[in-house]
Amino acid sequence: MRKYVIFGVQGSGKGTQATMLARDFDLVHISVGDIFRWHVQNHTKLGAYVRRTVAAGELVNDDHVESVVQDRLHQHDWNYGFVIDGFPRNRRQAEFFLESYDIDGVIHLDLPDGEVRRRVLARRLCSRCGLDYNLMAHRPKKEGRCDVCGGELVAREDDTEEALAERLRIYHEKTDPVLDLFRRKEYVVTVDARPDKQTIQTEIRKRLDLPLS
Ligand code: AMP
């Protein structure tokens with residue numbers, strides 16, 4: 001059983017790296033941001049509140065976060081373990097998590113703020129199937145259309161200059177201290193998030209003593 005947390009500022013490739021790790025080691029990839037986006041898209045009661053919060057670049061309140069994480073982990077469909085992305089984002093969430101779960105490692109994807117801005121503002125999402133694009137690194141064949149389903153590509157509502165500035169500020173204020181807390185327990189491997197995705201994945205596996213393929 002392997003239980004990992006993946007950390008990184010928005011645009012650092014957390015989702016991509018978590019997906020690659022999950023696929024090869026039969027882990028369940030839990031993305032708290034994706035769960036919240038699901039609530040927004042499906043117009044749940046929680047979704048209405050989350051939508052306003054996320055669009056402003058703010059964090060969803062801890063009670064809601066803890067309840068969605070708990071519900072997800074209580075499904076116990078993670079026989080071989082999980083990789084959780086986007087959580088914990090502050091000290092209270094970290095304490096809540098560590099009370100209930102032992103973790104095997106924390107992957108920290110390190111990316112300078114200037115590069116975050118460049119990447120995030122170029123990020124697009126298919127409005128139909130949810131596939132990720134990036135106007136610099138992963139361009140669609142036909143402008144504005146998804147290669148797979150032909151859906152319209154849109155920016156995430158929280159990928160604006162203002163919301164990004166707020167998210168970066170909150171990340172450094174609230175999430176950096178969580179990393180320090182995990183560092184004290186010697187869980188953290190910090191990996192440079194600037195190379196291509198395969199190089200990053202290989203480095204993560206080396207650092208976690210996982211088989212390379
Ligand atoms: P992400 O896809 O991880 O960037 O998450 C998108 C948005 O969901 C964030 O900007 C937050 O508003 C919210 N969110 C995701 N995870 C958390 C969390 N652990 N705590 C609070 N808010 C969160």
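One-based numbering, in listed order, for ligands and for the atoms of each.
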Check ion pair Arg124-Asp132 (N to O, under 4.0 angstrom):
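Judged by the 4.0 Å cut-off on N to carboxylate O distance, Arg124 and Asp132 do not form a salt bridge.
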With the threshold set at 4.0 Å, does a side-chain nitrogen-carboxylate oxygen contact exist between Glu66 and Arg92?
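Answer for the salt bridge query: yes.
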Using the side-chain hydrogen bond (donor to acceptor under 3.5 Å, both in side chains) rule, collect all pairs that involve residues 67-82, keeping only residues at least two apart or in two chains.
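Matches after skipping sequence neighbours: Arg72-Gln75, Arg72-Asp77.
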What residues, two or more places apart in sequence or in another chain, satisfy ring pair (Phe, Tyr, Trp, His ring centres under 6.0 Å) together with Tyr101?
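With neighbours one apart ignored, the set is Phe97.
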Measure and list all N/O to N/O distances between ligand 1 and the protein that fall under 3.5 angstrom.
{"from": "ligand 1", "atom 1": "2 (O)", "to": "Arg37", "atom 2": "NH1", "distance (Å)": "3.1"}
{"from": "ligand 1", "atom 1": "2 (O)", "to": "Arg37", "atom 2": "NH2", "distance (Å)": "3.0"}
{"from": "ligand 1", "atom 1": "3 (O)", "to": "Arg89", "atom 2": "NH1", "distance (Å)": "3.2"}
{"from": "ligand 1", "atom 1": "3 (O)", "to": "Arg89", "atom 2": "NH2", "distance (Å)": "3.4"}
{"from": "ligand 1", "atom 1": "4 (O)", "to": "Arg89", "atom 2": "NH2", "distance (Å)": "3.3"}
{"from": "ligand 1", "atom 1": "4 (O)", "to": "Arg156", "atom 2": "NH2", "distance (Å)": "3.3"}
{"from": "ligand 1", "atom 1": "12 (O)", "to": "Glu58", "atom 2": "O", "distance (Å)": "2.6"}
{"from": "ligand 1", "atom 1": "16 (N)", "to": "Gly86", "atom 2": "O", "distance (Å)": "3.2"}
{"from": "ligand 1", "atom 1": "16 (N)", "to": "Arg89", "atom 2": "NH1", "distance (Å)": "3.0"}
{"from": "ligand 1", "atom 1": "19 (N)", "to": "Gly86", "atom 2": "O", "distance (Å)": "2.8"}
{"from": "ligand 1", "atom 1": "19 (N)", "to": "Gln93", "atom 2": "OE1", "distance (Å)": "3.0"}
{"from": "ligand 1", "atom 1": "20 (N)", "to": "Gln93", "atom 2": "NE2", "distance (Å)": "3.0"}
{"from": "ligand 1", "atom 1": "22 (N)", "to": "Val60", "atom 2": "N", "distance (Å)": "3.0"}

Got a sec, which pairs hit ring pair (Phe, Tyr, Trp, His ring centres under 6.0 Å) with one end in residues 183-213, sequence neighbours left out?
none
How about Arg117: does its CZ atom have over 12 heavy atoms from other parts shown lying under 6.0 Å from it?
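Atom CZ in Arg117 is not packed in, count stays at 12 or less.
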